[in-house]
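Below, each value reflects all heavy atoms present in this structure, side chains not excepted, and no hydrogens, waters or symmetry copies. The first residue of the sequence shown is numbered 1, and numbering continues consecutively from there.
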Amino acid sequence: MVSLKRLVCASVAMLATSIVARAEDGFPFGTEMTLEALPQAGSKRIPNIEIGDHGEVVLELWCKGGKGQFSVAGNTVIFVPGQIQDRSCPAARAQADDDLVAALSSVETWKRQGDVLTLIGPKPLRFRTTGN
């Protein structure tokens, strides 16, 4: 009887571990992430995205900000930008922001390894979970 109990406990533990592992590698809904990039000259700011539970996105770029939406099916992802606020940005930062929004809009697939999300398209983008 003891061996059956151990077998059941071990099976439950393995199942729970595999579910947690898959959840950690799933698309990071409900997460804030920072782009793996250097700040622009004259600024300490690095772009970040806050992904809501339903794929809604709040963007804080090098200078501009805005909203968008991720749609995810399996490993396929589509990003649709919403209105982007022009905040009287210097030309170089405004161009970098526009380039980043264009790169987000052209992603096709994604992969996640731990706290790193890679959006794959013509220009791969790597984001890292912000905070703890």
Side-chain angles (χ1 to χ4, degrees):
M1 186 73 173
V2 173
S3 63
L4 179 59
K5 183 177 179 181
R6 284 185 181 174
L7 180 62
V8 169
C9 288
S11 297
V12 168
M14 286 177 22
L15 179 61
T17 301
S18 68
I19 289 171
V20 169
R22 278 185 272 165
E24 289 176 357
D25 288 337
F27 196 82
F29 293 109
T31 305
E32 185 174 339
M33 306 191 92
T34 302
L35 180 67
E36 286 189 350
L38 297 173
Q40 295 288 310
S43 174
K44 294 181 182 180
R45 196 165 164 176
I46 298 175
N48 69 59
I49 57 175
E50 186 176 328
I51 306 168
D53 293 335
H54 303 288
E56 65 278 9
V57 177
V58 176
L59 299 164
E60 285 300 329
L61 305 169
W62 279 286
C63 183
K64 297 179 181 183
K67 296 186 178 193
Q69 179 73 40
F70 277 119
S71 295
V72 179
N75 73 334
T76 301
V77 64
I78 296 171
F79 177 77
V80 178
Q83 185 172 358
I84 303 297
Q85 301 168 353
D86 187 357
R87 298 176 177 162
S88 300
C89 303
R93 286 191 212 146
Q95 185 61 54
D97 288 347
D98 293 343
D99 292 346
L100 180 53
V101 171
L104 281 166
S105 299
S106 66
V107 299
E108 299 166 352
T109 60
W110 66 276
K111 69 178 178 179
R112 183 174 176 193
Q113 294 176 309
D115 66 345
V116 176
L117 170 69
T118 304
L119 299 172
I120 303 162
K123 180 181 179 183
L125 301 169
R126 286 175 47 101
F127 289 86
R128 186 170 298 274
T129 302
T130 303
N132 304 336

query = According to a 4.5 Å side-chain heavy-atom criterion applied to Ile, Leu, Val, Met, Phe, Trp and Tyr, with indirect links allowed, do L59 and F27 form part of one hydrophobic cluster?
reply = yes
message = So which atom in A37 and which in I46 form the shortest heavy-atom distance, rounded to 0.1 Å?
response = O-CD1, 3.4 Å
ask   = Any side-chain heavy atom of L100 within less than 4.5 Å of one from P47?
value = yes
key: V101 versus P81, closest heavy-atom pair with distance   = CG1-CB, 3.9 Å
note = Contacts satisfying salt bridge (Lys or Arg N to Asp or Glu O under 4.0 Å) that involve residues 120-130 (not counting sequence neighbours) are E36-R126, E36-R128, D115-R128
remark   = Between P124 and P122, the two heavy atoms sitting closest are CD-O, 3.8 Å
message = Would you say that W62 contacts D99 through its side chain, given a criterion of any heavy-atom pair below 4.5 Å between the two side chains?
response = no
request  = Identify the heavy atoms of P39 and S43 that sit nearest to each other, and give their distance.
outcome  = CB-O, 3.1 Å
query = Of N75, L119, L117, I120, which meets side-chain contact (heavy atoms from CB on, under 4.5 Å) against K111?
reply = I120
ask   = Distance-only, no hydrogens or angles: does the D97 side chain make a donor-acceptor pair with backbone N or O of L61 under 3.5 Å?
value = no
request  = Run through T129, N48, V116 and flag the one making a side-chain contact (heavy atoms from CB on, under 4.5 Å) with M33.
outcome  = T129
Contact check, side chains of L104 and V57, non-hydrogen atoms, under 4.5 Å = no
query = Does anything in residues 37-59 pair up under salt bridge (Lys or Arg N to Asp or Glu O under 4.0 Å), and if so which pairs, sequence neighbours excluded?
reply = R45-E60
ask   = Sub-3.5 Å donor-acceptor pair from the side chain of R93 to the main-chain atoms of K64, do we have one?
value = no
note = Of F29, F79, F127, W110, the one forming a ring-ring contact (aromatic ring centres under 6.0 Å, His included) with F70 is F79
task = For D86 and I84, run side chain to side chain contact (heavy atoms under 4.5 Å, CB included): C-alpha distance rounded to whole Å, both residues' side-chain angles, the deciding distance at 0.1 Å, then the answer.
result = CA-CA 6 Å; D86 187 357; I84 303 297; over 6 Å; no
ask   = For R87 and C63, which heavy atoms make the closest approach, and how far apart are they?
value = CD-O, 3.1 Å
